[in-house]
Amino acid sequence: MPKMEAKTSLLDNMIGVGDMVLLEPLTEESFINNLKNRFEHGEIYTYIGSVVISLNPYRPLPIYTADKVEEYRNRNFYELSPHIYALADEAYRSLRDQDKDQCILITGESGAGKTEASKLVMSYVAAVCGKGQEVNKVKEQLLQSNPVLEAFGNAKTVRNDNSSRFGKYMDIEFDFKGDPLGGVISNYLLEKSRVVKQPRGERNFHIFYQLLSGASEDTLRTLKLDRDLGKYNYLSLDSASVNGLDDAANFRTVRNAMQIVGFMEDEVQSVLELVAAILKLGNIEFKPESRVNGFDESRVKDKNDLKEMCELMGIEQAALERAFSFRTVEARTDKVSTTLNVAQAYYARDALAKNLYSRLFSWLVARINESIKAQFKARKKVMGVLDIYGFEIFEDNSFEQFIINYCNEKLQQIFIELTLKEEQEEYVREGIEWTNIEYFNNAIICDLIENNQSGILAMLDEECLRPGTVTDETFLDKLNTICAEHQHFESRLSKNSKFLTDHSLPHSCFRIQHYAGKVLYRVESFVDKNNDLLYRDLSQAMYKANHSLMKLLFPEGNPVKVNLKRPPTAGFQFRASVGTLMKNLLTKNPNYIRCIKPNDKKASHIFTDSLACHQVRYLGLMENVRVRRAGYAFRQAYEPCLERYKMLCKQTWPHWRGPAREGVEVLLNDLQIPQEEFSYGRSKIFIRNPRTLFTLEEKRARCLEDLATLIQKIYRGWKQRTLFLLMKRSQIVVAAWYRRYAQQKKYQQIKRSTIVVQSFIRGWKARMILRELKYQKRCKEAVTTIAAYWHGTQARRELRRLKEEARRKHAVAVIWAYWLGLKVRREYRKFFRANAGKKIYEFTIQRIMQKYFLELKKTMPSMSPIDKSWPPRQYLFLEGAHTELRRIFHLWRCKIYREQFTEQKKTIYEEKLEASEIFKDKKALYPSSVGQSFKGDYLEIKTNPKYQKLNALVDEKVIMADVVNKINRANGKGAARVFLLTKTSLMLADLKTGQLKASVPLADVAGVSVSSQTDGFFALRLKEGSASAAKGDFLLSSERLIEIVTKLHRTKAGCEDREQIDVDISDEFLVQFKQDKVCVKFLQGGPKNGNSATCKRKNNRLLEVSVPSP
Ligand SMILES: Nc1ncnc2c1ncn2[C@@H]1O[C@H](COP(=O)(O)OP(=O)(O)O)[C@@H](O)[C@H]1O
Ligand SMILES: [Mg+2]
């Protein structure tokens, strides 16, 4: 835990006082006021030393959260404000760390919050102890045992909607690490009378209502039950539904809890069957039937319920019916059967119902124990939680109250014993002298009740066992004689004359002065209740049931084991179990929770002083405080004490360097507290009077104020100084930054200005230099110009002089020539005629012409018509004649050339000419054909013996015979064929066999289609409707395409009809194949496959011919 928190204390933020030991003055009034004050501030827990007083808040408080658990975990008891968790933590840690078995005793009256407290303790322990799958399962089973027991053992009463009608003690077992191993539950005295009858405004046990409202229709049907509560005599109706209690939902919770605890499905079913059987039992009614002997005998009125119950339990109906009419009394030797009257029958029925229920409840506890018992036999540490009914004082107190109050008396006894013992042990431990403490010891009251000879219980048993008539009155008489002298026994008719006139004491009652107050008991039915008789016939009938659980509950019904001894009485049993419990508790370290009910209305925020006072009294709380304060009211370990008060003395403040004890001594001496007010123990300081403590507290509070002021002062100073220093530092930083910024700005300004000034100066200087340079340059230029002008002038002058000289010379020559001409003309004039000039001209022309022709004769070109050369002419005026001469020469030369031609050669040229007309510049194949001569019959059909057969078929002259490729229409592949052309027809024959394949009259040929490219493909188009056209056009290819087509053209033109054949040159044309028209398309630059074009059939409408690019 952090050290800071360790400094808090119970004494901090107290409302009233958190520990009643510190109450000053200690009176009942101040005690109640303190409780009230705290209650009104929501503080429901208050300590008396280590005892926790708990007030029922009757509202959910936010103080049971997981955070709270953490807060109280591992803290000292007095460290935090009072809480049930502090007690639980203390107990758990003491168990775990000091190996001390613990018991937590929770007492208080009904509705004071005992059961809630026990659950809080259990849940706290579950939250802080170990974790893990196995451990969690154990925890879960322990916690889930609660809803099961509450369903069967709790009921709505006027005091508490969920009042436990049984006492419960639960041992939770832990291993050495403090992990829970399992548990054992003991139950005490279930209020079984509630099964058959409930006081006004109260209910039967929860399970009946839960079953009827929560079970499914199916379940109800198998249990033969009806959802309507009104149908059952044993259920009280006026408070069947309780605010804030959801029976149906609780039924599911209970079933779920039973499953978690480990009940088998058939066990649950058996339990519910028993519950149903009890309801049925309640509905059985009796009527009298007169007998001869004058007595009435009871008979079952309406057998339906009886029948159903017997069916449910597998009981023989007749046997049970008989058991309600007769009773067998067995003596040692013989059996006597007596009849039952109606009242006895009802008594028997109710006794059976009560027994059935209480045995079922005990079986449930045993069954739960079997599930939750520790698995290992290892040594265990135990924490017992006792949730037992508190002291009860009603108007009408019967046997139950007597028993309950006896139990509380015992608890009070061990409380006193243990508290004193602990107190004494602490004194011894701390080495402080023990001063005897006066206190009320209730052993005498316990003795009055439980003494073996003269105790009330012993006498009651004696009465019950006594032969002869025994009534409640005889029992009271006995008490009156035997207990008369006892200080705490009061009875009107006792020998103690003191009470003879006490009218608050009715005759049929006795009164006991319990430690908690006087209680008046009515003796009526004491004997019956103590006997708790169940007729043997009934138990035998039950034993015979065909129902395993029922059989188990009534072992005494086994006829083989007839036990004539009377069963122990209720009082005896209870005394024995209380005895065991007390022994058990005495071995453990006790922790007390005293529950108090603040009001009777189950209301929050109401505190009824008288009610609280009553409870404080009978719980013996004042007694408790007194015992606690008998020696020293307050004790505290030295360390926390010094820590808390060290500021009260200069030596110990702020630090004490020696042992804490010496520090405390110095402190107390310094404060001048009287010596007798405190004692020094070994580890604790003991303070006798609470006043001393409060004085210390007061001083501390005052001192704290001063200290707070001091601390505040120093803190403020420190804070301001820190702030100032911070501001100062900040200011320096800001100033530095600002200065830097300002300087930077200034520097930049100066820099900029300097640059401007500099640039102006530099500009100015540059301009000066420029001006100077320009001036110098101009000077230089001027000099050059002047020099140039000067040189120019000189040169021109010289030139002029030279020109002048040349002109003069020329003039001299001209003048000389003229002079000479003039002289000659003058000299020879006498020798020439006037028209001699014309004659000279003509002569000159003649001479020139002569010379031209002679020259031409020598240089004449060759006689070849294709020779284009022609000699040049010398004079321009000869041009016309020269051209004409050339033309004439050429014509003449051509005529000579033609005249040498034979007829055959002429035809060849004609053919060539025609070929040129058809193909020149139209088909790329053409130029290659120009050089070839058109031989026509390449196969020499007439002479070649190979074609003899074919020759026989041809009677005309063969114009063309060659091998061509016929293109297959289907795949574009070629097949070699002999191609024959005669004057009238065109034939195709097989190359090998010479067999004629096709013969087409030329008249049927309409035209030829060829491409414009270098390929040799051509299609022979036949005239539509002609006889040959039936087979379709021919697609052929030949290298001699030009020749073939030309010849075909000529031949057709030479026919009688003089029809021209139509040659169509295009890269895409249609060919008629039988019925279909197929397009032949020529692509240039297709895949190079050698040098020839290839044809491919693309689809049934297209043949593609790839022609290699030239
Ligand atoms: N600590 C508590 N906080 C809130 N309600 C409480 C507390 N203790 C008791 N109660 C209320 O008081 C009722 C009665 O308490 P319960 O423990 O059954 O009383 P007892 O067992 O003493 O008869 C509970 O049902 C619950 O409503
Ligand atoms: Mg209870």
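Note that ligands are numbered from 1 as they come in the structure, with each ligand's atoms numbered from 1 the same way.
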Practice task
Determine, using heavy atoms of Lys597 and all atoms of ligand 1, whether some pair is separated by less than 4.0 Å.
Solution key: no

Exercise for the section: Pull out every atom of ligand 1 sitting under 4.0 Å from any heavy atom of Tyr58, numbered as shown with elements. Expected result: 12 (O)

Fill in the blank from the handout: Here the gap from Asn146 atom CG to Thr253 atom OG1, rounded to the nearest 0.5 Å, amounts to 13.0 Å

Problem - Residues, nucleotides or ligands: over 12 heavy atoms within 6.0 Å of Lys197 NZ - result: no

Exercise for the section: Give a yes or no on whether the ring-centroid distance for Phe415 and Tyr592 is below 6.0 angstrom. Expected result: yes

Exercise for the section: Give the single entry among Asn154, Asn56, Thr157, Ile63 that approaches atom 12 (O) of ligand 1 most closely by any heavy atom. Expected result: Asn56

Exercise for the section: Identify, for atom 15 (O) of ligand 1, the protein heavy atom at the shortest distance, and state residue, atom and that distance. Expected result: Gly113 CA, 3.6 Å

Problem - Heavy-atom gap Gly108 to ligand 1 smaller than 4.0 Å - result: no

Handout entry: Asn160, portion touching ligand 1 at heavy-atom distance under 4.0 Å
Key = side chain

Practice task
Would you please indicate yes or no on a ring centroid separation below 6.0 angstrom for Tyr47 and Phe77?
Solution key: yes

Problem - Test item, Ser163 contacting ligand 1 (heavy atom, 4.0 angstrom) - result: no

Exercise for the section: Enter the distance from Leu35:CG to Gln615:CD here, rounded to the nearest 0.5 Å. Expected result: 10.0 Å

Exercise for the section: Could you see which bit of Glu109 sits under 4.0 Å from ligand 1, with heavy atoms only: side chain, backbone, both or neither? Expected result: backbone

Exercise for the section: Would you please determine whether Gly111 falls within less than 4.0 Å of ligand 1 on a heavy-atom basis? Expected result: yes

Problem - Numbered atoms and elements of ligand 1 in range of Arg59, under 4.0 angstrom, heavy atoms - result: 3 (N), 4 (C), 5 (N)

Problem - Test item: Leu142 and Met170 side chains (from C-beta on) under 4.5 Å apart, heavy atoms - result: yes

Practice task
State whether Thr115 contributes an N/O/S atom found under 2.8 Å from the Mg ion (ligand 2).
Solution key: yes

Problem - Salt bridge Glu450-Lys410, side-chain N to carboxylate O under 4.0 Å - result: yes

Exercise for the section: Could you tell me whether atom 22 (O) of ligand 1 has a protein heavy atom closer than 4.0 Å? Expected result: yes

Practice task
Report yes if the distance between the aromatic ring centroids of Phe361 and Phe166 is under 6.0 Å, otherwise no.
Solution key: yes

Exercise for the section: Could you tell me whether the Mg ion (ligand 2) has an N, O or S atom of Ser164 under 2.8 Å away? Expected result: yes

Practice task
Mark yes or no: Arg203 above the aromatic ring of Tyr209, with NZ or CZ under 6.0 Å from the six-membered ring centre and no more than 45 degrees from the axis.
Solution key: yes

Practice task
Could you tell me if any non-hydrogen atom of Lys602 lies under 4.0 Å from any atom of ligand 1?
Solution key: no

Problem - Centroid-centroid under 6.0 Å between Tyr357 and Phe208 rings - result: yes

Problem - Backbone or side-chain N or O of Leu120 under 3.5 Å from ligand 1 N or O - result: no

